[in-house]
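In what follows, chains carry the letters A, B, and so on, assigned in the order in which the sequence lines appear, proteins first and then strands, with residues in each chain numbered from 1.
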Protein chains: 2
Amino acid sequence: MPAAHQPSPVPLTVDRVAQICSERGVKFTALRRIAFEALLEFNGPVGAYDLIRALQRRLGKPVGPPTAYRALEFLQENGFVTRIETRNAFLPSTHPEDPATGAFFLCNHCGATLEMDLTELEAEFASRAAKVGFRVGRRVVELQGTCADCQETTSAAEGQSQVVKGGRG
Amino acid sequence: MPAAHQPSPVPLTVDRVAQICSERGVKFTALRRIAFEALLEFNGPVGAYDLIRALQRRLGKPVGPPTAYRALEFLQENGFVTRIETRNAFLPSTHPEDPATGAFFLCNHCGATLEMDLTELEAEFASRAAKVGFRVGRRVVELQGTCADCQETTSAAEGQSQVVKGGRG
DNA sequence: CAAGGTAGGTAATGTTATTACATCACTCAC
DNA sequence: GTGAGTGATGTAATAACATTACCTACCTTG
Ligand SMILES: [Zn+2]
Ligand SMILES: [Zn+2]
Ligand SMILES: [Zn+2]
Ligand SMILES: [Zn+2]
């Protein structure tokens, strides 16, 4: 079983997020910063309760679900984090400027997440939306399947030790 | 607030499902049939626990989550039901022959679900997948926003009685 | 009828997310 | 400075969604 991939583009840094927040006049509080740092360290989609545990470790005190969910809500609203719907998990974004634009290949085998650009598809979505008078907000495009690495090694490596990678197995 | 739409194509009937099951040599048991009938009556995406309650009413006895989830699993595997990921809900399909092909407009306001055909987009998905060596299985495409009806009436009708339509408000 | 397989019943538990309310911290009149 | 008002966080409880494990019923087939 191959290792999980990173999303190909460079991930957002904490400093960049801080800068954008300042430009937008929204508050990048300590909690929100720590939550974002924690998400970055996972190298893959992170479940809300994994984040809660990470926050507890970092803060040295109990952290309730609402605390984590509120931080995630802020990060999502500002395009710093994308929710992966089919995994109930959260992934740091690579492009906070156009939050609704991402789409993902998700490997069912190793958990890899591979982001692709949707710009070329948007015209198609828009024309279909226009036909029925629908105004599109958030776009969720998640294509599940098998990544290149996992296809190469599927037959040979099957049935060995259970290793979970990519943040969510 | 306007009424929720049906998906535009004609919904699958119980008879048609029975026929397909028979052709495929899979068992359309009483429970599975009743579950499918219940889903049809909701006129929109149905949460698993709403289905459980519907089954309990119809069967006059307690129904545990596994019973409902197993029926849903069967119906999904055979393309009779589609899971709406962003709603944690289940919707009877209109085209059991090509289960991976659908995409949905989902109105955040009234809960309407509007299915669109994705065939033209598949080439685009395929070419992107090919570029990175990804083999695509299940496709999830859900575009959230505001349906035509809700756009017309948003400003005028706001702030009145809370009416929930379309199965999931 | 015995063996094996598929479907369904039941209890318990796991996982994800929200509600409601209390508290804290900062800002801005006054 | 003080006290409202506001946005952010803390806490407890609960809701909503989903799975595991195990058992029982039934059907098929040799
Ligand atoms: Zn990989
Ligand atoms: Zn993989
Ligand atoms: Zn409508
Ligand atoms: Zn609507």
Colleague: Atom CG of Leu55(B) to atom P of dG8(C): distance rounded to whole Å?
Modeller: 11 Å
Colleague: How close or far is atom C1' of dC17(D) from atom CD of Glu85(B), stated in whole angstroms?
Modeller: 12 Å
Colleague: Could you pull out all residues at least two apart from Thr29(B) that satisfy side-chain contact (heavy atoms from CB on, under 4.5 Å)?
Modeller: Lys27(B), Leu31(B), Arg32(B)
Colleague: In whole angstroms, how far is the P atom of dA25(D) from the NZ atom of Lys61(B)?
Modeller: 12 Å
Colleague: Rounded to whole Å, please give me the gap between CD in Glu77(A) and P in dA8(D).
Modeller: 10 Å
Colleague: For the side chain of Pro66(A), counting heavy atoms from C-beta on, which of dA20(C), dA17(C), dG9(C) is nearest?
Modeller: dA20(C)
Colleague: When rounded to the nearest 0.5 angstrom, what distance separates CZ in Arg83(B) from CG in Leu91(B)?
Modeller: 12.5 Å
Colleague: Determine, for Glu124(A) against Arg139(A), whether the closest basic-nitrogen to carboxylate-oxygen distance falls under 4.0 angstrom.
Modeller: no
Colleague: Quick check for you: to the nearest 0.5 Å, what is the distance between Ile52(B) atom CD1 and Tyr49(B) atom OH?
Modeller: 5.0 Å
Colleague: Just the table, please: protein N/O against nucleotides 26-29 of chain D N/O, every pair under 3.5 Å.
Modeller:
none

Colleague: To the nearest angstrom, how far is Ile52(B) atom CD1 from dT10(C) atom C1'?
Modeller: 13 Å
Colleague: Reckon Thr67(A) has a side-chain N or O less than 4.0 Å from the OP1 or OP2 of dT9(D)?
Modeller: no
Colleague: Side chain of Ala48(B), heavy atoms from C-beta onward: which of dA17(C), dA18(D), dT9(D) has the nearest atom to it?
Modeller: dA18(D)
Colleague: Measure the distance from CD on Glu73(B) to C1' on dT6(C) and round it to the nearest whole Å.
Modeller: 13 Å
Colleague: So which one's nearest nucleotide on DNA chain D is more toward 5', Phe74(A) or Tyr49(A)?
Modeller: Phe74(A)
Colleague: Which of residues 29-36 of chain B sit near DNA chain C, with a heavy atom under 4.0 Å from it?
Modeller: Thr29(B), Leu31(B), Arg32(B)
Colleague: To the side chain of Arg70(A), which of dG10(D), dA18(D), dG8(C) is closest?
Modeller: dG10(D)
Colleague: So, taking the atom named CZ in Arg33(B) and the one named SG in Cys21(B), what distance separates them when rounded to the nearest 0.5 Å?
Modeller: 11.5 Å
Colleague: Any carboxylate oxygen within less than 4.0 angstrom of a Lys/Arg side-chain nitrogen, looking at Glu77(A) and Arg70(A)?
Modeller: no
Colleague: State plainly whether the residues Glu142(B) and Arg87(B) are in salt-bridge range, i.e. N to O under 4.0 Å.
Modeller: no
Colleague: If only side-chain N and O atoms of Arg83(A) are considered, is one of them under 4.0 Å from the OP1 or OP2 phosphate oxygen of dA17(C)?
Modeller: yes
Colleague: Specify the separation, in whole Å, of atom CG of Leu59(B) and atom P of dG8(C).
Modeller: 11 Å
Colleague: What is the distance from atom CZ of Phe80(B) to atom CG of Leu40(B), rounded to the nearest 0.5 Å?
Modeller: 12.0 Å
Colleague: Specify the closest pair of heavy atoms between Phe125(B) and Phe105(A), including all atoms of both residues, with the distance to one decimal.
Modeller: O-CZ, 4.3 Å
Colleague: Could you tell me how far apart Tyr69(A) (OH) and dT11(D) (P) are, to the nearest whole angstrom?
Modeller: 18 Å
